[in-house]
Amino acid sequence: MDIFIRQTLHLSHSSIMKQLLSNNIMQTPHELRDRNCPRKCSPPNGANQSDDNTKLKIAIVGFGNFGQFLAKTFVSHGHRVLAYSRSDYTHVAQELGVSYFNNIDDLCEQHPEVILLCTSILSTEKVLKSLPVQRLKRSTLFVDILSVKEFPRNLFLHHLPHNFDILCTHPMFGPESGKNGWNGLAFVYDKVRIGIDESRTSRCDRFLDIFASEGCRMVEMSCAEHDWHAAGSQFITHTTGRFLEKLELERTPIDTKGYETLLSLVENTAGDSFDLYYGLFLYNINAMEQIERFDRAFESVKKQLFDRLHGFYRQQVFKHEEKLP
Ligand SMILES: NC(=O)c1ccc[n+]([C@@H]2O[C@H](COP(=O)([O-])OP(=O)(O)OC[C@H]3O[C@@H](n4cnc5c(N)ncnc54)[C@H](OP(=O)(O)O)[C@@H]3O)[C@@H](O)[C@H]2O)c1
């Protein structure tokens with residue numbers, strides 16, 4: 001399967017579709033901080049100075065919707081957060097207490113302990129390859145939060161120097177579903193490559209502890225296992241949300257609880273970019289099978305209805321024929 005993934009990463013979209021088809025792939029609770037109002041502090045003057053060795057210096061690469069969402073909580077935990085993105089987010093960063101860099105070399109020269117990749121799934125390979133890793137400390141921890149996991153895992157293993165640590169994660173929530181806190185929300189992680197020294201294991205644990213101490217349900221599982229489960233749950237959710245969005249559903253004076261759930265699903269998924277949804281499809285080898293299952297399920301429900309209707313009419317016709325002389 002690994003060989004298959006490596007091959008697909010280098011193919012055009014249509015060839016990936018052909019390949020997928022031809023391969024027939026199935027398929028402690030704690031004090032909650034006010035993340036809507038994080039501490040507004042000025043970016044630290046010396047972004048490379050540390051006064052508390054339990055705190056991390058985390059560099060977020062890709063400071064869009066999700067990167068900013070995570071940054072608020074990191075800052076509220078007292079970690080020093082640096083950020084870089086394709087667009088200029090200087091003002092947003094200032095509001096959040098994050099040091100913003102318009103130049104990736106400058107950011108890397110701050111020697112962050114953690115590089116957190118928060119780019120779109122589609123741009124990740126390009127962004128990763130463009131990072132001046134030679135400017136980083138030799139034992140930097142690379143983390144990603146992409147909604148697919150095998151893809152960044154393979155990219156990291158392929159492109160990063162051997163002495164860098166790798167942690168692949170997926171917070172199973174976003175700015176909408178996590179807006180009232182992260183308590184009870186799932187956080188998936190896979191320690192793909194963490195050095196055995198105490199300093200490395202402790203750095204990784206301190207990063208994970210941000211989520212654990214927010215009350216997240218910490219789930220350790222392999223990237224492959226994540227992608228399998230996520231296609232059958234998260235991808236189906238996004239697909240249903242997008243499908244319902246096309247129906248342009250509106251509120252009525254007699255909305256049922258079930259209908260309200262549908263409307264909130266549309267609201268939840270419509271807030272995410274189409275790039276994100278497309279990434280879930282293109283970079284999870286299990287997604288194609290789920291689209292096909294979706295299609296088959298709809299056809300099967302229709303068939304069940306029409307078969308019953310057909311049976312009813314048949315009965316009527318034969319009853320009528322019986323009465324004929
Ligand atoms: N939203 C969620 O609920 C959620 C939950 C869990 C995980 N995630 C993951 O978080 C990541 C970010 O998601 P998102 O919601 O912020 O939306 P997204 O549309 O998936 O990604 C937006 C980010 O990608 C960057 N980007 C897009 N195209 C780029 C390019 N060609 N070159 C360089 N950078 C590029 C953007 O940079 P600029 O803004 O500077 O243009 C921005 O930082 C994704 O990998 C997603 O799977 C999202």
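Computed from a predicted structure; not experimentally measured. We count ligands from 1, going down the list as the structure has it; atoms in each ligand are counted the same way.
Remark: ligand 1 and His170 share no N or O pair separated by less than 3.5 Å (distance only, no angle test). Residue contacts with ligand 1: Leu276 is placed with no nitrogen or oxygen under 3.5 Å of a nitrogen or oxygen of the ligand (distance criterion only).
The residue Thr124 has no part lying near ligand 1, judged by heavy-atom distances below 4.0 Å. Looking at Ser87 against ligand 1, both its backbone and its side chain come within 4.0 Å, counting heavy atoms. For Tyr89, every heavy-atom contact with ligand 1 shorter than 4.0 Å involves the side chain, none the backbone. At a heavy-atom cutoff of 4.0 Å, ligand 1 is contacted by both the backbone and the side chain of Ser120. Under 4.0 Å from ligand 1, the heavy atoms of Lys126 that appear belong solely to its side chain.
The distance from ligand 1 to the heavy atoms of Gly62 drops below 4.0 Å at these ligand atoms: 43 (O).
Screening residues 230-252 for salt bridge (Lys or Arg N to Asp or Glu O under 4.0 Å) gives Arg251-Asp255 as the qualifying pairs, with residues at least two apart or on separate chains.
The aromatic rings of Tyr277 and His238 sit parallel, their planes meeting at an angle under 30°, below the 60° perpendicular limit. Classification of the Phe274-Tyr278 ring pair by plane angle, with boundaries at 30° and 60°, yields parallel. Classification of the Phe173-Phe69 ring pair by plane angle, with boundaries at 30° and 60°, yields perpendicular.
Within the structure, ligand 1 lacks Ser177 among the residues with a heavy atom less than 4.0 angstrom away.
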